[in-house]
Student: 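The structure under discussion is supplied below as C-alpha cells; questions concerning it will follow.
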Amino acid sequence: MADGPLRGVRILDLTHVWAGPLGTRILADLGAEMVKIEAPYGRGPQKAVYTPIGGWIGGEAGDEPWNSNAIFVKLARNSRSVCINLKSEAGRDTLLKLVQVADVIIENFSARAMPSLGLDYETLKSTNPRIIYVTMPGYGSYGPYRDWVAFGPSVEPMSGLTNVTGYSKEQPFNTAMALMDPIEAVSLTAAVVTALRQKERTNKGARVEMSLHEAGVSYSGPWLIEHQLGGNIEPIGNRHPQMAPHGVYPCRGEDEWIAVACRNDAEWASLCASIGSGLDPGANLEQRRGDHEAIDAVIATWTRSRLKTQAAEELQAAGVSAGAVNTTPDMTADPQVRHRGFFVPLEAFDTPMPGSPIKLNGASSNDWTPCPKLGADNAGILREWLDYPDAEIGKLEQNGVLLNKPPT
Amino acid sequence: MDRILEIGSFAAGFCGRLFAQAGCEVVRVEPAVAEPGWVSAAASDLFLHPGKRRLQTSDAELITKLANRADVVVVEAATADALTELGFDAWDTNVKVAITPFGRTGPKRNWRATSSVLLAMGGYTYIMGDPDRAPLTLPGHYVDFQSGQLAYTAANACRLANEKNVIDVGMLEVVMSLSQFTTILWHCTGQIRQRHGSDYWSTVPTNLFACTDGWVYINIVPTFWDPFTVFLDRPNLVIDERFSTNNLRMENRDPLHEIIGEAIAVMTKAQVRARATAHRIPVGVVQTFDDVLADSHLAERQFWQRVNGSNVSVRSPSPAFRIDNAARPELTLAEPEAGDG
C-alpha cells in the first residue's frame with residue numbers, strides 16, 4: 001500500500017466502472033487504506049467471453065481472466081480486495097461490521113441499489129454514526145431523472161459541453177471519451193477530503209451525494225455564466241476566443257500534429273521571429289484574429305517541414321507555447337515523462353501504468369502494491385479489522401459468502 | 001477553518017473556489033495581467049472567485065507575509081522557474097502546493113503551455129475529432145479545473161495528517177493520469193487508439209444522432225442491446241445476425257447507424273428521452289445552455305447557487321458534491337482591493 005497523508009483512513013470502495021474506481025485510486029495513492037468490496041461477478045465471469053476495451057494484462061486472458069482485465073487492474077493498485085456476496089444475509093452483516101470500523105464507504109450504483117440491499121444511509125449511520133457515506137448515482141438519488149441510466153458519453157451532452165465542442169456550429173460534437181467520468185472521479189476525491197475535514201471538526205459522519213451529471217455541469221460553469229451575461233458561445237474548432245493564433249497544425253509524417261498557442265503579444269512576436277515568412281510581429285490580438293486563416297497557413301507551411309517534436313522544441317526555445325500531439329508511445333518516450341518516472345511498471349508483466357499527478361515530498365511509488373486478485377484479502381481484512389477467527393472465516397467461505405473467483 | 005493564500009490563474013482559482021465553498025478564509029492575489037480564458041473576465045470571476053478576498057499586489061514582501069500566515073498556499077505558475085522567482089521555496093507555510101504545466105523538475109519544467117498544448121502532449125487531442133481532419137482540442141478549462149481540484153485534495157490530505165509538506169502538481173501528468181484506456185490499450189495490445197468523431201467506436205452503437213429538433217447521444221453497451229431494439233421500435237433487430245454481438249455491430253456499423261438514424265430522425269428530443277426513460281436506455285439529449293439553466297432536474301435538486309457581483313446577479317453551478325444536503329448559500333463576488341494585507 002502507498003504511504004501518504006491519508007494513511008489510517010479506512011475506505012470501503014464499492015464502486016465500479018470508471019469514475020468511482022479512478023477517484024478511489026487517487027485516494028489510495030495518497031495513502032488511504034482502500035478495501036474494494038467486490039461482487040462475485042464484478043470483474044467478469046470465470047471464462048473470458050470477450051476482450052475488454054483495454055485488453056488483457058500481458059496480452060492474454062490467462063488462467064484467471066477476471067484478474068487480467070487491464071482497465072480494471074489499472075484502477076485497483078494500492079487497494080485490497082474483499083469479495084462478498086452482498087445478496088446473502090451473512091454477506092450484508094459482514095459488510096455492516098466492516099462499516100462499523102471504517103471511516104468512509106463509497107458506492108456508485110443506481111439510486112435504487114443500496115436501499116434494495118438493505119444498505120441505505122440510515123442503516124449505515126445506525127451502524128456507525130461517524131461513517132461518511134458517499135453515493136454517486138448517475139443523476140443523483142432524487143429528482144425527475146433519478147432513474148435515468150447514465151454513462152459518461154450520454155451524460156456529456158446534458159452538461160452543455162457538447163454546445164461548444166466541435167469543428168463548427170453546424171454539428172455538435174461529443175468527446176467520445178466519457179469525459180464526465182474523470183471529472184466526477186476527481187470531484188469524488190475533493191468530496192471525501194472535505195467530508196473528512198468536516199468530521200474532524202464535528203466528530204460526526206455525513207452523507208455525501210454527487211452525480212456524473214452535476215459534476216459535468218459544474219465544469220460548464222464559466223460558459224453558463226457567460227451565457228447569462230449575454231455572451232455568444234459556439235464551437236470554434238481549435239481556435240480560442242482570447243488567443244490567436246491557436247491551433248493544431250500538421251507536421252512531417254502521417255497524422256503527425258502540433259498544438260501551438262500564442263497567449264499574448266510577446267509570444268506572438270517570438271513566433272514571428274521563429275518562423276519568419278512575413279508575419280507582422282506587431283499585430284495585436286484583434287488583428288491576429290482577423291487574419292487567423294492566413295496566419296494558420298503560414299504556420300502550417302512551417303510545421304509541415306518539421307517533425308512535431310522538433311517544431312515544439314524550436315518554438316519552446318523561443319518562448320512559445322507548443323507541444324506535439326502525442327500518442328501513447330510518444331508520451332512514454334517523452335524525456336520529461338521519463339525523467340519524472342510517471343509511468344510505473346507496477347503490474348504483472350511490468351505493464352506501465354499512469355502514475356500519480358500529485359507528488360509529495362517524502363512519498364514515491366516505491367511502496368505501491370499492484371492490483372490484488374479478486375478476494376485476495378478476504379481473510380486478512382476480516383482478521384485485521386474485525387478479529388474474526390479462522391473458523392468463522394472458513395464458514396463464510398464454505399457458504400459462498402466470501403469468494404475468490406467468480407461462480408461458474 | 002484554514003487560511004488559504006491563492007496565487008495564480010484558473011487552476012489555482014478553482015482550488016481556491018473549493019476552499020471558499022468549504023468555509024475557509026481565502027485570500028487571492030490577483031495577477032497583474034489576467035491569463036486569456038474561454039469566457040470574459042467578468043464571467044470567469046463570477047464563477048471562480050465568490051467568497052474570496054481579492055488583493056491586487058505584486059509586493060513580494062507582502063506576499064511572503066501572507067504566505068507565512070496561511071495554513072495552505074496554492075500557487076499556479078507558468079513555469080518552474082517562475083514559481084521559484086515568486087519566492088515559493090522560502091515561504092514557511094505548512095502546506096504549499098505548486099501547480100505548473102510540467103511539474104517542478106525535468107527537462108521541460110520551464111516549457112510554456114496552454115490547456116491545448118497539455119491536452120495534445122497528454123494524449124487527449126490525438127483521439128478527439130474526425131479521422132480525416134486535424135485532431136480537435138477540448139474547449140474550456142478541464143485541465144485547469146482538474147489540476148486545481150487535485151491540488152485541493154492533496155492539500156486537505158496533508159492538513160488532515162497535520163503534515164507539513166510541499167506538493168508538486170504537474171498539469172501534463174494530470175492529463176495523462178486521467179485517460180480511460182488509451183495508455184493501457186497500447187501497453188497491453190500494441191494498438192494506438194484513433195479518433196472517430198463522436199463515435200465511441202469500440203462499443204456500437206454509441207454516437208450522436210439527429211432528431212427533429214436537435215441531437216441525442218445513444219450509448220448502448222452490450223447489456224442494453226435487446227431493450228434498445230424495443231426502444232427503437234425495431235424489435236426484429238434482435239434476431240438480425242448482423243447485429244447479434246458487439247463485434248458484429250462494429251463490423252456492420254454503417255447499416256446499423258442508418259437504421260438508427262432513420263428511426264431517430266422522426267422523433268423530437270423529448271420523445272427520444274421519454275422512450276429512453278420507459279425502456280431504461282442510456283440516452284442523453286444535447287442541451288443548449290438555456291436548456292441546462294432551465295433543467296427541471298437541476299432545479300429540483302437546488303443545484304444552482306446565486307452569485308452577486310457589484311452590478312450583476314447570476315446562477316452558478318455549485319460544486320459537484322453536496323454534504324448532508326446542505327443548502328447552497330448565496331455568494332458575493334468582492335471587488336479587488338489594492339491590499340496592504
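First the proteins, then the strands, lettered A, B, ... as listed; each starts at 1.
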Student: Look at the rings of B:W201 and B:H196 and say which category their plane angle falls in: under 30° parallel, 30 to 60° tilted, over 60° perpendicular.
Tutor: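 Taking B:H196 first and then B:W201, their aromatic rings lie parallel (interplane angle under 30°).
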Student: Where does B:W111 contact chain A at under 4.5 Å (heavy atoms): side chain, backbone, both or neither?
Tutor: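 Both parts, backbone and side chain.
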Student: Taking atom types as modelled, find out whether A:R207 and A:S141 have a side-chain donor-acceptor pair closer than 3.5 angstrom.
Tutor: yes
Student: If I measure from the heavy atoms of chain B, does A:V155 come under 4.5 Å with its side chain, its backbone, both, or neither?
Tutor: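 Neither; nothing under 4.5 Å.
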Student: Indicate whether any N or O donor in one side chain lies under 3.5 Å from an N or O acceptor in the other, for B:D295 and B:Q287.
Tutor: yes
Student: Compute whether any side-chain donor of one residue and acceptor of the other, for B:Y152 and A:T194, lie under 3.5 angstrom apart.
Tutor: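 Checked: B:Y152/A:T194 side chains pair up, N/O donor to acceptor below 3.5 Å.
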Student: Pick one of side chain, backbone, both or neither for A:Y249, based on which atoms fall under 4.5 Å of a heavy atom in chain B.
Tutor: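 Neither part; nothing is under 4.5 Å.
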Student: Among B:V174, B:V166, B:V169, B:N247, single out the residue with the greatest number of heavy-atom pairs under 4.5 Å to chain A.
Tutor: B:V166
Student: Where on A:L229 is there a heavy atom nearer than 4.5 Å to chain B: the side chain, the backbone, both, or neither?
Tutor: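 Side chain only.
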Student: Give, as side chain, backbone, both or neither, the part of A:E267 having an atom under 4.5 angstrom from any heavy atom of chain B.
Tutor: side chain
Student: Counting heavy-atom pairs closer than 4.5 Å to chain B, which one of A:R197, A:E209, A:M331, A:K74 comes out on top?
Tutor: A:R197
Student: Quick check on the interface: out of A:N163, A:V193, A:V208, who has the most heavy-atom pairs with chain B under 4.5 Å?
Tutor: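 If we count pairs closer than 4.5 Å to chain B, A:N163 comes out on top.
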Student: By a 4.5 Å heavy-atom criterion (distance strictly below it), what part of B:D290 contacts chain A: side chain, backbone, both, or neither?
Tutor: both
Student: With a 4.5 angstrom heavy-atom cut-off, could you sort out which part of B:I323 is near chain A: side chain, backbone, both or neither?
Tutor: both
Student: Pick one of side chain, backbone, both or neither for B:D291, based on which atoms fall under 4.5 Å of a heavy atom in chain A.
Tutor: neither
Student: If you round to the nearest 0.5 Å, how far is OG1 of B:T206 from CD1 of B:I220?
Tutor: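 Between B:I220 CD1 and B:T206 OG1, I get 7.0 Å after rounding to 0.5 Å.
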Student: Against chain B, label A:I71 side chain, backbone, both or neither, depending on which of its atoms sit under 4.5 Å from a heavy atom there.
Tutor: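 When you check distances to chain B, atoms from both the backbone and side chain of A:I71 fall under 4.5 Å.
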Student: Let me know if B:D199 has heavy atoms under 4.5 Å from chain A in its side chain, its backbone, both or neither.
Tutor: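 Backbone of B:D199 only, per the 4.5 Å heavy-atom cut-off to chain A.
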Student: Over all heavy atoms of both residues, which pair between B:A161 and A:P5 is shortest? Give the atoms and the distance, please.
Tutor: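 Scanning both residues, the minimum pair turns out to be CB-O, 3.3 Å.
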Student: Measuring heavy-atom distances to chain B, does A:T332 have an atom under 4.5 Å in its side chain, in its backbone, in both, or in neither?
Tutor: side chain
Student: Name the member of B:M176, B:M128, B:R193 that forms the most heavy-atom pairs with chain A at distances under 4.5 Å.
Tutor: B:M176
Student: Taking side chain as everything from C-beta outward and backbone as N, CA, C, O, which of these in B:L138 sits under 4.5 Å from a heavy atom of chain A? Side chain, backbone, both or neither.
Tutor: side chain
Student: For the residue pair A:S187 and B:Q149, confirm or rule out a side-chain donor-acceptor distance under 3.5 Å.
Tutor: yes
Student: Only pairs of heavy atoms separated by less than 4.5 Å count here; which of A:T175, A:D330, A:L30 has the most with chain B?
Tutor: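 Result: the option with the highest number of such pairs is A:T175.
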Student: What part of B:V312 is in contact with chain A, defined as an atom under 4.5 angstrom from a non-hydrogen atom: side chain, backbone, both or neither?
Tutor: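 For B:V312, side-chain heavy atoms alone lie under 4.5 Å from chain A.
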Student: Please state whether the side chain, the backbone, both or neither of B:S179 comes within less than 4.5 Å of a heavy atom of chain A.
Tutor: both
Student: What part of B:R195 gets closer than 4.5 Å to chain A, counting heavy atoms only: side chain, backbone, both or neither?
Tutor: side chain
Student: What is the ring orientation for B:F289 with A:H227, classed by angle as parallel under 30°, tilted 30 to 60°, or perpendicular over 60°?
Tutor: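 Judged by the thresholds at 30° and 60°, the geometry between B:F289 and A:H227 is tilted.
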Student: Quick check against the 3.5 Å criterion: does B:T277 have a side-chain atom that pairs as donor or acceptor with the backbone of B:R273?
Tutor: yes
Student: Among B:V307, B:V175, B:D130, which residue has the highest count of heavy-atom pairs closer than 4.5 Å to chain A?
Tutor: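 Greatest number of close heavy-atom pairs with chain A: B:D130.
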Student: What are the two closest heavy atoms between A:L161 and A:S220, and how far apart are they?
Tutor: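 Closest heavy-atom pair between A:L161 and A:S220: N-OG, 3.9 Å.
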Student: Is it the backbone or the side chain of B:A134 that comes under 4.5 Å from a heavy atom of chain A, or both, or neither?
Tutor: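 Both backbone and side chain.
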Student: Sort B:V216 into side chain, backbone, both or neither according to what part of it lies under 4.5 angstrom from a heavy atom of chain A.
Tutor: neither
Student: For B:D168 and B:G103, work out which heavy atoms get closest and say how close.
Tutor: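 Where B:D168 meets B:G103 most closely, the heavy atoms are OD1-CA, 3.5 Å.
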Student: Is it the case that B:E300 and A:Y142 place a side-chain donor and acceptor less than 3.5 Å from each other?
Tutor: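 Per modelled atom types, B:E300 and A:Y142 side chains form no pair under 3.5 Å.
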Student: Need one label for A:E214: side chain, backbone, both or neither, based on atoms under 4.5 Å from any heavy atom in chain B.
Tutor: both
Student: Tell me, for B:M171 versus chain A, whether the close heavy atoms (under 4.5 Å) come from the side chain, the backbone, both or neither.
Tutor: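 B:M171 has no heavy atom closer than 4.5 Å to chain A.
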Student: Taking side chain as everything from C-beta outward and backbone as N, CA, C, O, which of these in A:D255 sits under 4.5 Å from a heavy atom of chain B? Side chain, backbone, both or neither.
Tutor: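 Contact with chain B involves both backbone and side-chain atoms of A:D255.
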Student: Looking at B:Y200 versus A:F151, is the centre-to-centre ring distance below 6.0 Å?
Tutor: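 Here the rings of A:F151 and B:Y200 have centres that are no less than 6.0 Å from each other.
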Student: Go through B:T182, B:L46, B:T153 and name the one with the most non-hydrogen pairs under 4.5 angstrom from chain A.
Tutor: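 The residue among B:T182, B:L46, B:T153 with the greatest pair count is B:T153.
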Student: Locate the shortest heavy-atom distance separating A:A190 from B:L18; write the atom from each residue and the value.
Tutor: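 Minimum heavy-atom contact is CB-CD1, 4.5 Å.
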Student: Quick check on the interface: out of A:Y167, A:W56, A:W223, A:W257, who has the most heavy-atom pairs with chain B under 4.5 Å?
Tutor: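 The answer is A:Y167.
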Student: For the residue pair B:P317 and B:F47, establish whether any side-chain heavy-atom pair is separated by less than 4.5 Å.
Tutor: yes
Student: What I want to check is whether the side chains of A:E156 and A:T162 have a donor and an acceptor closer together than 3.5 Å.
Tutor: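 Judged by distance alone, the side chains do not pair up.
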Student: Quick one: what part of A:I26 sits under 4.5 Å from any heavy atom of chain B, side chain, backbone, both or neither?
Tutor: side chain
Student: Select, from A:S356, A:P153, A:A324, A:A259, the one with the greatest count of heavy-atom pairs under 4.5 Å involving chain B.
Tutor: A:P153
Student: Is the ring pair A:Y145/A:H213 parallel, tilted or perpendicular, if the boundaries are 30 and 60 degrees?
Tutor: tilted
Student: Among A:T351, A:N264, A:I183, single out the residue with the greatest number of heavy-atom pairs under 4.5 Å to chain B.
Tutor: A:I183
Student: Please identify, among B:L172, B:T189, B:L178, the residue contributing the most non-hydrogen atom pairs under 4.5 Å to chain A.
Tutor: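 So the answer, after comparing B:L172, B:T189, B:L178, is B:L178.
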Student: Which distance, rounded to the nearest 0.5 Å, do you find between the SG of B:C15 and the CZ of B:F10?
Tutor: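 Here the rounded value is 15.5 Å.
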Student: Do you know which of B:Q180, B:Q191, B:R315 has the most heavy-atom pairs under 4.5 Å to chain A?
Tutor: B:Q180
Student: Pick one of side chain, backbone, both or neither for A:A312, based on which atoms fall under 4.5 Å of a heavy atom in chain B.
Tutor: both
Student: Name the region of A:M353, side chain, backbone, both or neither, that has any atom closer than 4.5 Å to a heavy atom of chain B.
Tutor: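 The answer is the side chain of A:M353.
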Student: How far apart are the closest heavy atoms of B:E163 and B:N165, and which atoms are they?
Tutor: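 Result for this residue pair: OE2-ND2, 3.0 Å.
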Student: So, taking the atom named OH in A:Y139 and the one named OG in A:S211, what distance separates them when rounded to the nearest 0.5 Å?
Tutor: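 A:Y139 OH to A:S211 OG: 9.0 Å, rounded to 0.5 Å.
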Student: Would you mind checking which part of A:E347 comes under 4.5 Å of any heavy atom in chain B, side chain (CB onward), backbone (N, CA, C, O), both or neither?
Tutor: neither
Student: Given that the side chain runs from C-beta out, which part of A:A322 has a heavy atom under 4.5 Å from chain B: side chain, backbone, both or neither?
Tutor: backbone
Student: Is A:R25 close to chain B through its backbone or its side chain, or both, or neither, when contacts mean heavy atoms under 4.5 Å?
Tutor: side chain
Student: Just checking, any donor-acceptor pair under 3.5 angstrom between side chains of B:S116 and B:T137?
Tutor: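 Checked: B:S116/B:T137 side chains show no N/O donor-acceptor pair below 3.5 Å.
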Student: Please classify the contact of B:W186 with chain A as side chain, backbone, both or neither, using a heavy-atom distance under 4.5 Å.
Tutor: side chain
Student: Measure across A:V320 and A:C262 and return the closest heavy-atom pair with its distance rounded to 0.1 Å.
Tutor: CG1-SG, 4.5 Å
Student: Using non-hydrogen atoms only, which part of B:R159 is less than 4.5 Å away from chain A: side chain, backbone, both, or neither?
Tutor: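 For B:R159, the contact with chain A is made by backbone and side chain together.
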